[in-house]
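Structure record follows, encoded as structure tokens.
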Amino acid sequence: MHTFLIIVPEGGMLFEPTGIADILMQANRLRPTAPAHPPYQVSIATPQAHRVIQGMSGLNLLADHRLADLEPTLPRDTIMITGRGTSIEEGDIVVNWLRQAAPSARRVVSICSGAWLLAQAGLLDGRRATTHWRLLEAMQAQFPTVHVEKGPIYLQDGNIWTSAGVSSGFDLTLALVEDDHSFTLARDVAQDLVMFLRRPGGQSQFSRFLLSQASSPGPIRDLQAWILQNLSGDLSVERLAEHVAMSPRNFTRVFTRETGISPAKYVEEVRLDVARQHLEQSSDKLEHIAAATGFGNSLNLRRVFERNLQLTPSDYRERFHARTMS
């Protein structure tokens with residue numbers, strides 16, 4: 001039997017821990033065993049001094065345990081953290097408990113910003129990890145010894161599993177069921193709950209590229225605005241350098257220093273972001289979108305989408321296209 005201790009900080013989305021528990025209970029139902037030995041046993045703990053967990057919605061969840069009442073050094077199968085909470089004090093309680101508990105656990109798992117607490121506890125040092133796309137850059141800056149990856153919905157490195165935001169915890173839980181039992185059981189659970197067993201694409205499909213703005217007003221920031229207005233034109237390094245009266249070599253050095261990204265990569269991300277807006281908000285043909293955003297043709301557009309989002313433009317439009325056009 002696999003035991004899951006799910007640590008749920010205050011102020012999060014309660015459908016995460018309850019949905020994960022439901023997936024595991026569905027696995028129990030579809031893999032019948034002796035009643036005393038189900039495949040999974042789930043309990044929920046709170047770092048609060050009481051057992052009532054208030055969610056972001058204002059709804060409450062009654063935990064099975066207070067974390068303070070649980071002996072951290074006892075052997076456990078899976079410890080899962082669904083977020084980092086709303087206060088530093090609450091996070092510190094979880095981190096201190098984790099440092100003691102992790103050596104006795106078969107695996108430790110985080111959902112969304114819970115990876116932050118794993119990193120604070122030192123559990124991600126030298127490991128690959130991911131978290132919600134909004135936190136990726138901040139997490140990498142805060143924890144330079146962690147190899148933060150931007151694309152995956154979830155990642156396994158040894159006995160540590162991390163996942164992206166919110167519902168990605170469901171994808172990860174199905175992966176844990178497959179790891180514990182079989183592909184067949186995980187597939188049956190996914191089909192029964194009308195879920196993807198393996199969601200196509202990575203988490204980049206849900207994010208907006210945070211286009212790097214120059215650190216201070218000046219020629220580079222002005223150039224960034226000009227790029228956005230001239231996406232279909234020549235935006236080669238040589239042309240951009242000429243626009244700001246610099247040599248290509250000096251321009252590349254200055255642009256990268258000011259923005260943290262190379263000129264070529266910046267141009268590609270701007271074009272990609274605008275192409276995504278076209279796919280979401282218009283019915284324009286792919287050839288027209290490719291031309292308007294500077295990709296030239298639909299084949300180039302497809303290659304950039306697949307490389308950055310692991311989706312084709314048509315797949316992206318199918319998922320994110322507005323139902324009605326204003």
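Position 1 is the first residue of the sequence, and the numbers go up from there.
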Inset, instruction - Give a yes or no on whether a salt bridge exists between Asp69 and Arg51, defined as a side-chain N under 4.0 angstrom from a carboxylate O. - result: no

Legend entry - Asn96 to Arg99 - nearest heavy-atom pair and separation: OD1-NH1, 3.2 Å

Inset, instruction - Answer yes if Met56 and Leu59 sit in the same cluster of Ile, Leu, Val, Met, Phe, Trp and Tyr residues linked by side chain heavy atoms under 4.5 Å apart, and no otherwise. - result: yes

Legend entry - Under 3.5 Å donor-acceptor, Ser43 side chain and Leu5 backbone: no

Legend entry - Path from Val52 to Met13 over hydrophobic side-chain contacts below 4.5 Å: no

Legend entry - Intermediate values then yes/no, side-chain contact (heavy atoms from CB on, under 4.5 Å), Val237 and Phe255: CA-CA 10 Å; Val237 169; Phe255 189 97; over 6 Å; no

Legend entry - Exam field: side chain Trp97 to backbone Leu70, donor-acceptor pair closer than 3.5 Å: yes

Inset, instruction - Look up atom CG in Asp125 and atom CZ in Phe143, then write down how far apart they are to the nearest 0.5 Å. - result: 9.5 Å

Inset, instruction - Using atom types as modelled and distance alone, determine if a side-chain donor or acceptor of Asn28 lies under 3.5 Å from a backbone N or O of Tyr40. - result: yes

Inset, instruction - Enter the distance from Arg127:CZ to Asn159:CG here, rounded to the nearest 0.5 Å. - result: 5.5 Å

Legend entry - Value rounded to 0.5 Å, distance of CG in Leu62 from CD1 in Ile53: 8.0 Å

Inset, instruction - Decide yes or no for Glu16 and Cys112: does some side-chain heavy atom of the first lie under 4.5 Å from some side-chain heavy atom of the second? - result: yes

Legend entry - Distance-minimising heavy-atom pair for Ala27 and Leu185: O-CD1, 4.0 Å

Inset, instruction - Answer yes if Phe183 and Ile23 sit in the same cluster of Ile, Leu, Val, Met, Phe, Trp and Tyr residues linked by side chain heavy atoms under 4.5 Å apart, and no otherwise. - result: yes

Legend entry - Side chain proximity check, Val274 to Leu228, heavy atoms < 4.5 angstrom: yes

Inset, instruction - Kindly work out whether a path of hydrophobic side-chain contacts (I/L/V/M/F/W/Y, heavy atoms less than 4.5 Å apart) joins Leu136 to Leu117. - result: yes

Inset, instruction - I would like to know whether Arg319 and Leu311 meet side-chain contact (heavy atoms from CB on, under 4.5 Å); could you show each step before the answer? - result: CA-CA 10 Å; Arg319 293 181 190 198; Leu311 290 172; 3.7 Å; yes

Inset, instruction - Run the numbers on Arg107 and Asp179 for side-chain contact (heavy atoms from CB on, under 4.5 Å), then give the verdict. - result: CA-CA 12 Å; Arg107 65 185 170 203; Asp179 191 59; 3.8 Å; yes

Inset, instruction - Determine the minimum heavy-atom distance between Pro219 and Val244, stating which atoms define it. - result: O-CG1, 4.0 Å

Legend entry - Check: Tyr316 and Glu280 side chains under 4.5 Å, non-hydrogen atoms: yes

Inset, instruction - Could you tell me whether Arg249 atom CZ has more than 12 heavy atoms of other residues or ligands within 6.0 Å of it? - result: no

Legend entry - Test log, rule side-chain contact (heavy atoms from CB on, under 4.5 Å), inputs Thr162 and Leu124: CA-CA 10 Å; Thr162 54; Leu124 300 182; 4.1 Å; yes

Inset, instruction - Take the angle between the ring planes of Trp226 and His243 and call it parallel below 30°, perpendicular above 60°, tilted in between. - result: parallel

Inset, instruction - For residues Arg76 and Pro72, report the shortest heavy-atom separation together with the two atoms involved. - result: NH1-O, 3.4 Å

Legend entry - Salt-bridge criterion met for Arg317 and Asp284 (N-O under 4.0 Å): no

Inset, instruction - Inspect the contact between Arg31 and Asp188 and indicate whether a charged nitrogen and a carboxylate oxygen are less than 4.0 angstrom apart. - result: no

Inset, instruction - Would you please say whether a donor-acceptor pair under 3.5 Å links the side chains of Asn297 and Glu287? - result: no

Legend entry - No-hydrogen, no-angle side-chain donor-acceptor test under 3.5 Å, Thr3 and Asp77: no

Inset, instruction - Could you check if a side-chain atom of Thr252 sits within less than 4.5 angstrom of a side-chain atom of Met246, using non-hydrogen atoms only? - result: no

Inset, instruction - For Gly169 and Ile111, work out which heavy atoms get closest and say how close. - result: CA-CD1, 3.6 Å

Legend entry - From OG1 (Thr293) to CZ (Arg276), nearest 0.5 Å: 13.0 Å

Inset, instruction - Please check if the side chain of Ser168 supplies one atom and the backbone of Gly165 the other of a donor-acceptor pair under 3.5 Å. - result: yes

Inset, instruction - Treating Ile, Leu, Val, Met, Phe, Trp and Tyr as nodes and any side-chain heavy-atom pair under 4.5 angstrom as an edge, say whether Val146 and Leu155 lie in one connected cluster. - result: no

Inset, instruction - Ignoring hydrogens and angles, state whether a donor on the side chain of Gln48 or Thr46 is under 3.5 Å from an acceptor on the partner side chain. - result: no

Inset, instruction - Run the salt-bridge test on Arg271 and Glu268 with the 4.0 Å N-O cut-off and return the result as yes or no. - result: no

Legend entry - Other residues, nucleotides, ligands: >12 heavy atoms within 6.0 Å of Ile88 CD1: no

Inset, instruction - For the pair Arg84 and Glu10, find out whether any cationic side-chain nitrogen is under 4.0 Å from an anionic carboxylate oxygen. - result: no

Inset, instruction - Please check if any side-chain donor atom of Thr312 sits under 3.5 Å from a side-chain acceptor atom of Arg302, or the reverse. - result: no

Legend entry - Leu286 vs Ser314 side-chain heavy atoms within contact, under 4.5 Å: yes

Inset, instruction - Without swapping roles, check the side chain of Glu318 against the backbone of Phe320 for a donor-acceptor pair under 3.5 Å. - result: no

Inset, instruction - Would you check if the distance from the ring center of Phe196 to the ring center of Phe170 is below 6.0 Å? - result: no

Legend entry - Between CZ on residue Phe4 and CD1 on residue Ile20, distance to nearest 0.5 Å: 8.5 Å

Legend entry - From Thr256 atom OG1 to Lys265 atom NZ, the distance as rounded to the nearest 0.5 Å: 13.0 Å

Legend entry - Donor-acceptor under 3.5 Å (Ser104 side chain, Thr73 main chain): yes

